[in-house]
Amino acid sequence: MYSYSVVQWLFFFYLYCFMGWCVESTYVSVRKRHLTNRGFLRGPFLPIYGSGAMMMLVASMPFRNSIVLTYISGCIGATILEYVTGVAMEKLFKVRYWDYSQKKFNFQGHICLGTTLSWGGLTILMTEFLHVPVEQFVFSIPNTVLNLLTLLLTVWIAADFSLSVKAAVDLREVLIKMKQAKEELLHIQKRLESIMEAANHGVENCREALAEGVNNVRSVRMEDLISGIEGRLESIKQTAQLKSSAYLESVKEEVFELKTKYAINIALRRHWGGVKDFFQRRLLRGNPSMTSEGFQEELDEIKQKASEKNHKEKNDREENL
């Protein structure tokens, strides 16, 4: 059985957060062929690894004499932690920081069989090999020094966590606002389509055409949506020029208002997607595989803008050297 003080448990947690960051950042940097500060936090810590390590140690405590039960407890405990963390983060921030949807035998994309089996192997590695020298290292640190280090790390990580959570919440709000702007553009497109149909074929046909198109409206890409709205505005303009229409004259002010709303929502979406905040761009850069079930188009747009801004800043720095 492990018998540690609260300070020692905390220091173990921070140490494994750091070790996990080293492994993950190295792996991603090699894959991407450029240095990547991986993870949710800005500093060199990955809490999911620290939490996983603590879960492995605690879950395996009753089974120290059985390597099979240690393996099984590690599989179960770490998988539960990964699932709960993944679901909670997606609910809170509207994005997934890891996604196993493309892996075989996954559950909701948050966990998969391959990773679960790996957690069991890591638990054996942790309890039988890795934790022994780590434990000896921590025990060799004088209590006064350990207390001071733990206090400093706690302040550092707490501040980092607060800033990172704020950046993630702000990013969530950006995604929501961009989505709302798109929803408004969809309403504008439908109303313009209704006006076109009413002007060309009569009000009844307009209602039928609108009813047919409503079901698939949410799958429209932004490029197609913009093209569609501009095309309908141009068609209404041409129709009004070619023939006199009492109906078009009666909705002239509404068309102008829709055109104004269109310009405003396009400008707002581009503004929100500009990712001017450094911490948000850091969050995106450190999590290149980030996905979002309900806001993927918006997230992709933000990623592209952030990448362009990071690339521009890099070029500017190189020019100034």
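- Under a 4.0 Å N-O distance rule, the pair K182/E297 qualifies as a salt bridge.
- Here the side chains of L113 and K103 are not in contact, with every heavy-atom distance at 4.5 Å or above.
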Item checked: E301/R269 under side chain to side chain contact (heavy atoms under 4.5 Å, CB included): CA gap, chis, key distance, verdict -> CA-CA 10 Å; E301 187 175 329; R269 186 178 169 97; 3.1 Å; yes
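- In this structure, W272 and A181 approach most closely via the heavy-atom pair CZ3-CB, 4.3 Å.
- Ring geometry, F93 versus Y97: the interplanar angle exceeds 60°, so the pair is classed perpendicular (tilted spans 30 to 60°).
- Two different hydrophobic clusters hold M55 and I48 under the rule that ILVMFWY side chains link at heavy-atom gaps under 4.5 Å.
- R191 and V251 make their closest contact through NH2-CG1, 4.5 Å (heavy atoms, listed as atom of the first residue, atom of the second, distance).
- Annotation for V138 and F12: closest pair CG2-CE2, 3.4 Å, computed over non-hydrogen atoms.
- Heavy-atom minimum distance, P47 versus C17: CA-SG, 3.6 Å.
- The hydrophobic clustering, which links ILVMFWY residues whose side-chain heavy atoms are closer than 4.5 Å, places L153 and F139 together.
- Side-chain polar atoms of Q296 and D300 form a donor-acceptor pair below 3.5 angstrom.
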Margin query: For a salt bridge (Lys or Arg N to Asp or Glu O under 4.0 Å) check, start with the C-alpha distance between E90 and K94, then their side-chain angles and the critical distance, and finish with the verdict.
Written below: CA-CA 5 Å; E90 184 175 18; K94 305 299 183 186; over 6 Å; no
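- Summarising the geometry of L299 relative to L175, their closest heavy-atom pair is N-CD2, 3.6 Å, with the distance given to 0.1 Å.
- For S60 (side chain) and T70 (main-chain N/O), no donor-acceptor pair under 3.5 Å exists by modelled atom type.
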Margin query: ring pair (Phe, Tyr, Trp, His ring centres under 6.0 Å) for Y4 and W9? Distances and angles first, verdict last.
Written below: CA-CA 6 Å; Y4 305 130; W9 274 114; 5.1 Å; yes
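- In summary, the side chains of Y100 and Q108 do not present any donor paired with an acceptor at a separation below 3.5 Å, with no hydrogens or angles considered.
- A tilted orientation is assigned to the rings of F11 and F137, their planes being inclined by 30° to 60°.
- Closest approach of Y49 and G20 over heavy atoms only: CG-CA, 3.6 Å.
- With contacts defined as side-chain heavy-atom distances shorter than 4.5 Å, the pair S51/F13 qualifies.
- Looking at heavy atoms from C-beta onward, R96 lies in side-chain contact with H110 at the 4.5 angstrom threshold.
- Within the 4.5 Å cutoff, the side chain of I302 has heavy atoms near those of the L171 side chain.
- The shortest side-chain heavy-atom distance between Y71 and F63 does not fall under the 4.5 Å cut-off.
- Side-chain contact between M54 and L57: present, with at least one pair of heavy atoms (C-beta onward) separated by less than 4.5 Å.
- Using a distance-only test at 3.5 Å, with no hydrogens or angles considered, a donor-acceptor pair links the side chain of D160 to the main chain of G43.
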Margin query: For a salt bridge (Lys or Arg N to Asp or Glu O under 4.0 Å) check, start with the C-alpha distance between E193 and R232, then their side-chain angles and the critical distance, and finish with the verdict.
Written below: CA-CA 7 Å; E193 184 175 341; R232 284 164 175 78; 3.6 Å; yes
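- Although no hydrogens or angles enter the test, the distance criterion places no donor-acceptor pair under 3.5 Å between the side chain of N287 and the main chain of M290.
- Between Y14 and T154, the side chains place a donor N or O and an acceptor N or O closer than 3.5 Å (distance only, hydrogens not considered).
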